[in-house]
There are 2 protein chains.
Amino acid sequence: MGYKEIYALYREHIVAGRLKPGDRVPAIRALASELQVARKTVETAYEILIGEGYFVSQGAKGTRVNPDLVLASAAEPETATAPPTSDHSLRETKGELRLGIPALDAFPHKKWLLISAKAARTLRPDEMVLPPIMGHQPLREAIASYLNISRGLNCQPEQIFITSGYRANLRLILAVLAQPSDKVMFEDPGYFFGQKLLKRIAPNLHYVPVDRQGMDVDYLLRYHPDARFAVVTPTHHSPLAVTLSLPRKHQLLEWAQQNNSWIIEDDYDGEFHYTRKVIPALKSLDVHDRVIYTGTFSKTMMPAMRVGYLVMPKETIARFSELGEILETGMSLLPQKILAQFLSEGHFYRHIKKMRILYQQRRRMMLEALQVCFPDVFEFELTDGGMHIVAFLQRGTQDKELAEIWQRHQLRVLPLSGWYMQTQKRYGLVIGYTNIRSVEQASALLQRAEAETRALLL
Amino acid sequence: MGYKEIYALYREHIVAGRLKPGDRVPAIRALASELQVARKTVETAYEILIGEGYFVSQGAKGTRVNPDLVLASAAEPETATAPPTSDHSLRETKGELRLGIPALDAFPHKKWLLISAKAARTLRPDEMVLPPIMGHQPLREAIASYLNISRGLNCQPEQIFITSGYRANLRLILAVLAQPSDKVMFEDPGYFFGQKLLKRIAPNLHYVPVDRQGMDVDYLLRYHPDARFAVVTPTHHSPLAVTLSLPRKHQLLEWAQQNNSWIIEDDYDGEFHYTRKVIPALKSLDVHDRVIYTGTFSKTMMPAMRVGYLVMPKETIARFSELGEILETGMSLLPQKILAQFLSEGHFYRHIKKMRILYQQRRRMMLEALQVCFPDVFEFELTDGGMHIVAFLQRGTQDKELAEIWQRHQLRVLPLSGWYMQTQKRYGLVIGYTNIRSVEQASALLQRAEAETRALLL
């Protein structure tokens, strides 16, 4: 037993309330003999405990637990601190069919951990000072290079601003570029966490309907030509997974240029397109620099990383930088270093490529299982990409009730109608399939809810 | 040479513009023979390059650099992207006498790197999913335990909300608890980055003068009894380093309780108190739970960590949780794990204790050097703690000019008058001393600016 164990033991006793303020503790000599360790060992432990204020030495009168120690009583009853249950289950850390969670079994953990450990081990003292406001330079370079090659952008590392993800991107963009009264347009249906956030931070929020060609740009031009911001998911709409048509893309870009408005492109899963060609980002067509491109590694790598980024139009860089200074946006360096290394060694590219194939297979498995289990319940409008399937109800509007049933069986699907605000609702389930491993496994999951689903709908 | 090197080489050639879209690349067989590697090696490299879109294979016609590849031209002239120079130099990553930077030479790097590498190596797949909104549970526990023991609090881990630091704390608290019209009080003089942030996010911002007993609570009660928030640095005022007197502490707490107002306690360097006893936090006297305690590890550990925390009054936890969900506040897990381990193994306590002694010595060195070099320029009002010295000008008001001179010599001091808003200004330099190693070194630094200082002031 070393001094650390003795120290930890006493601290634990005190914190747990087994030893109370004012209690006597054994003399050093006595404890050393009892534990059969050197006197010095106990002495060192006691010194630390005294130094930290757990013990007080009273000279010849021995040593006591500090009588002035104020500890949170371990027995204090639980206060009403449970977080409110969310109306959506995206935050659930357990359960199946969750949305937006990458295939956890296919992540190159070993490689990641090796790179992490190396980055952690080699952090230099000079890197422990202030992290750069807009992010770690090598990571900005790696992201710019990735976007230029894989998403068709043409950006410089100086345009990359590293954030903690999707919502941090939206908050930062609006904080830098928007006046409170600015009109902000959001897709309807649209990513509900985006919706919830914008309702709080953009008082003048409006919606644009979405059809099979994506956001209805004609509607935008007719009713809200004066909007200052349009938040759009052009590659795969969230949640319908449709792609914004090329004519609409050009129409949208032209509108933004003529009105000096900003398009916020949310390219949350643009990499996962399963037909022959990956679709370049809307930003790749943006000759007038009116698109603020945003992305995240939560969907492509792992959610716990909390690293996202945005591409600043060149004319806005100084304003982002200025507000970044005020808000102190620089993030913890270590995760950025790890990620930069992972990208620059090419692992990210390989991983994405593998996932593109894997997700295509898993989507097929999920679809097959859905069609076998529920041939008379759902119908599908197949799109070319995305990380989830929308299973439309063939009839009826009870998707909320249905989702609740599935949720009770730990199937974390979401009711489609919950993503709509004003546009006439459609009904169905939004189902994540990225962690499905076989048709059999998918079927087994679906069977949990089969009887109740039939009882509800048929 | 393996496939990785070949892959990296070609990618580099392309990104640097040495190979252009449409350029032919050698046949696999030819390159393999040229490089004296197996055909398979080149094949693998080419496959990856094709998969990532750098190359396109044209069957019998060979392989080319993807003609559709759009690359940011490496030769593109630099755009006007330089960040605006800040009016204060806190963000400087180089230079001496910086404020708020812990003693970098005394940080237990080796221990930290060991713990980091271990935490990085052992991150479990289930930890890669969603990070908790209010922070990593073991870190919340470690922080609660630390605050209860070292700062006299009596809080539960459930009350700890982990953030990215001081400004994130302020933003989150106001976002959760404030209406836009709420009156917010700030100290005058006061931490200028806090001031700058609040000017942006709190439209109804007012100031309370500070004297030798800290914030003038009588003034607050007389002129702004209706304030909803008071941001205060009770342990060591920023920058005057005076301590809020006990009667005023009680007065302030009583005001908050009677008016249902909130006190935001900024305990940024409360650990560094050099008289016999560390002063317990204001929060330790707060029986009615009206104080929101905030702290950061930037000052006690290293700035690049970007981990801070706040202690939520119990009745507010549900509201913090709800907004945390909307804003998606969970931070990258790895730094939190490392820090939790560092705390729970007791290293943090030992480090703080060592720093308390070291800073006391370094402060003495700096004072001695200042008194020897500039006996006729500065005067001092010695306080009991803090990480900086305020050197008041014996006469005159030219502290801005003086600070500029020192800055030119890489001495990153700040002019005291710049921290004032409305209260009658005092003049002097705010000097960080935590990285001073000897009186001689401090004197050598000061001598850089000695002649010009005398020329300006005497």
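The chains referred to below are lettered A, B, ... by the order of the sequence lines, with proteins before strands, and numbering in each begins at 1.
Of all heavy-atom pairs spanning B:Ala120 and A:Ala120, the tightest one is CB-CB, 4.2 Å.
A:Glu315 does not touch chain B: none of its heavy atoms, backbone or side chain, sits under 4.5 Å away. If you measure heavy-atom distances from A:Arg171 to chain B, the contacts under 4.5 Å come from the side chain alone. With a 4.5 angstrom heavy-atom cutoff, A:Phe107 touches chain B only via side-chain atoms.
Of the possible donor and acceptor atoms, one in the side chain of A:Arg200 sits under 3.5 Å from a partner among the backbone N and O of B:Ala175. Side-chain atoms of A:Arg306 do not come within 3.5 Å of backbone N or O of B:Pro131 as any donor-acceptor pair. Formation of a donor-acceptor pair under 3.5 Å by the B:Arg167 side chain with backbone atoms of A:Ile326 is found in this model.
In this structure, B:Glu325 does not pair ionically with A:Lys196, as no charged nitrogen and carboxylate oxygen lie closer than 4.0 Å.
For B:Asn435, there are no side chain to side chain donor-acceptor pair (under 3.5 Å) partners, not counting sequence neighbours. Under the ring-ring contact (aromatic ring centres under 6.0 Å, His included) criterion, B:Tyr3 pairs with no residue at all, not counting sequence neighbours.
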Criterion side-chain contact (heavy atoms from CB on, under 4.5 Å) on B:Asn66 and A:Ile149, from CA distance to verdict: CA-CA 10 Å; B:Asn66 186 347; A:Ile149 289 166; over 6 Å; no
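Between chain B and the residues A:Glu345, A:Arg121, A:Met331, A:Met312, the most heavy-atom pairs under 4.5 angstrom are made by A:Arg121.
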